[in-house]
Amino acid sequence: GQAGGPQAFGGGGGGGGAGGLFGGSSGPLRLLNESFGGQAGWLLGLALVGGIAVLVTTRLRRSDGRSGWLIATGGAFLTIGVALSTAKGIVHPYYIAQLAPFTAALVGAGAAQLLRGGRAARVLAPLAVAAGVASELVVLHNNPGQLTWLAPVLVGVGLFTAAALALVGSGRLRAALLGAALATLLLAPASWAVDTLGHPTNGTFPSGGPIASGIGRGPGGPGGAGGGPAGRPPGGFGGPPGLGARPPAGAGGAGSFPGAPAGARGGGAAGGGGGRGFGADSGSLTPIVRYVQQHGGGTIAVSSQQGAAAQIISSGADVAGIGGFSGRESQITVSWLANAVQSGRVRWVLTSDASGSGPGRDGRVGSSRAMAAVAATCTRVTVPTTATTSSAGANTSSTITLYDCQGQASALRAAAK
């Protein structure tokens with residue numbers, strides 16, 4: 001597969017790596033793109049009009065119990081949808097699974113309202129079918145080569161049932177028409193789900209669908225080393241959308257959890273974090289924790305949560321990942337860190353897992369500026385460690401650079417100006 005290097009871990013302004021592995025560009029149609037659409041975007045158009053149908057019926061009257069239900073369910077649906085559509089940085093396609101229960105609820109409630117006769121139902125039912133067909137056609141367009149037989153079926157059944165629902169009142173015929181429309185709209189998500197069954201998985205990016213969209217499938221299975229569909233080569237991070245979750249070029253180190261990029265795992269040697277995917281240097285924290293415990297204790301701040309998690313789980317050490325998952329999600333100011341040092345919440349800082357010293361390709365700075373200020377102002381400490389480097393078991397001594405920021409709050413504030 002093709003390795004994408006740093007670009008795969010947060011590309012353009014929307015945080016999409018090459019091929020949209022991390023959600024693609026932000027925007028109003030993001031939930032229907034090649035990354036999100038096939039996962040939970042199929043019925044979004046139908047769900048929106050279904051919610052409108054409930055709104056028209058209830059008019060949000062306080063005396064109608066459905067009003068509270070719509071505010072809670074529809075509000076959650078819209079909040080998640082807007083957040084995922086506009087989110088920057090790393091946005092994994094499986095995040096859209098949060099929408100699934102609210103989408104299903106709105107589709108079901110909307111269908112119940114549209115079964116009834118009346119002027120509003122006769123207008124909204126065709127609109128709901130049209131919106132459902134339109135959203136599925138967009139998803140199919142963004143996943144070329146998949147379910148090629150479905151578009152004519154959607155258009156044909158959609159046109160017929162929409163026209164009939166505008167004319168037929170309540171009764172069994174209306175129920176049959178609406179049922180046929182819903183069954184047709186469910187063909188795509190059902191096929192996408194069934195296609196996933198029976199395939200081996202190996203990775204941290206679960207998803208449904210065929211090879212072209214199956215993120216995190218194992219070698220030899222869909223999205224793995226066995227190859228993609230005709231015309232689309234297999235890929236890893238930074239390759240075609242959603243293919244096998246293989247580490248980027250240059251990532252090193254043995255892993256502690258399956259399917260993770262090598263740079264995100266424990267066991268890396270200390271040093272500059274620019275060459276590691278997520279900058280997690282959890283393997284080097286053991287001697288650091290031992291040193292800190294022997295020299296007054298205190299919380300150790302590292303850049304990423306990945307760098308802190310393994311040590312916290314294994315030993316309960318006072319380690320804090322201040323920059324988010326990869327070290328670039330949470331933008332930490334130097335002033336904030338100075339206040340944390342002054343209050344005693346942070347004393348020691350390990351800068352070797354900062355994932356670089358400047359903004360990433362998508363402009364996120366995370367903890368990098370705070371870490372640079374630490375290196376310029378705090379007291380540098382060299383912590384000895386021992387690493388086995390040969391198959392014969394020969395040990396080579398090495399060191400890790402740690403910073404003691406006790407009493408340096410004023411200096412950090414000055415660096416922030």
Side-chain angles (χ1 to χ4, degrees), residues 23 28-32 36-87 91-136 138-139 154 158 161-162 164-166 168-190 192-193 206 208:
L29 295 180
R30 186 188 210 180
L31 302 186
L32 302 178
F36 283 121
Q39 303 310 308
W42 301 107
L43 301 178
L44 292 183
L46 180 60
L48 280 172
V49 181
I52 293 173
V54 179
L55 175 64
V56 170
T57 302
T58 64
R59 299 178 184 177
L60 293 183
R61 291 185 295 264
R62 296 181 62 182
S63 59
D64 193 326
R66 293 172 296 180
S67 297
W69 178 91
L70 180 62
I71 291 173
T73 305
F77 176 86
L78 292 176
T79 299
I80 296 170
V82 171
L84 291 178
S85 297
T86 59
V91 185
H92 292 293
Y94 63 82
Y95 291 175
I96 200 175
Q98 299 173 84
L99 269 179
F102 305 107
T103 301
L106 289 174
V107 168
Q113 300 303 316
L114 297 175
L115 278 175
R116 303 176 181 180
R119 184 182 306 171
R122 290 191 179 189
V123 172
L124 289 172
L127 288 178
V129 174
V133 170
S135 61
E136 295 206 358
V138 172
V139 175
L154 284 172
T161 55
L165 286 168
V168 177
S170 58
R172 292 184 177 180
L173 179 56
R174 184 175 182 84
L177 289 168
L178 186 59
L182 291 174
T184 304
L185 292 172
L186 286 171
L187 287 175
W192 214 256

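If you read the sequence from its start, that first residue is 1, and numbering goes on from there.
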Student check: side-chain heavy atoms of [X] and [Y] closer than 4.5 Å:
X: Y95; Y: Q39; result: no
X: T184; Y: T161; result: no
X: Q113; Y: L124; result: no

Which residues pass the salt bridge (charged side-chain N to carboxylate O under 4.0 Å, His left out) test with R66, not counting sequence neighbours?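 Here the qualifying residues are D64.
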How far does [atom1] of [X] sit from [atom2] of [Y], to the nearest 0.5 angstrom?
X: L127; Y: L114; atom1: CG; atom2: CG; result: 9.5 Å
X: L173; Y: L165; atom1: CG; atom2: CG; result: 8.5 Å
X: F77; Y: L99; atom1: CZ; atom2: CG; result: 6.0 Å
X: T103; Y: Q98; atom1: OG1; atom2: CD; result: 11.0 Å
X: T79; Y: L84; atom1: OG1; atom2: CG; result: 10.5 Å
X: L115; Y: L178; atom1: CG; atom2: CG; result: 5.0 Å

Sequence neighbours excluded and cut-off under 3.5 Å, please list the side-chain donor-acceptor pairs for residues 40-50, or say none.
from: W42; atom 1: NE1; to: G38; atom 2: O; distance (Å): 3.1

Taking all heavy atoms of [X] and all of [Y], pick out the closest pair and write down the distance.
X: V56; Y: A120; answer: CG1-CB, 4.0 Å
X: A181; Y: V129; answer: CB-CG2, 3.9 Å
X: A112; Y: R116; answer: O-CG, 3.9 Å
X: S135; Y: G132; answer: OG-O, 2.9 Å

Determine whether a donor-acceptor pair (N or O, by modelled atom type, separation under 3.5 Å) exists between the side chain of [X] and the backbone of [Y].
X: R30; Y: F36; result: no
X: R62; Y: S67; result: no
X: T73; Y: L70; result: no

Relative to each other, are the rings of H92 and Y94 parallel, tilted or perpendicular (30° and 60° limits)?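 H92 and Y94: parallel rings.
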Taking atom CZ of R61 as the centre, does the number of heavy atoms from other residues, nucleotides or ligands within less than 6.0 Å exceed 12?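 More than 12 within 6.0 Å, yes.
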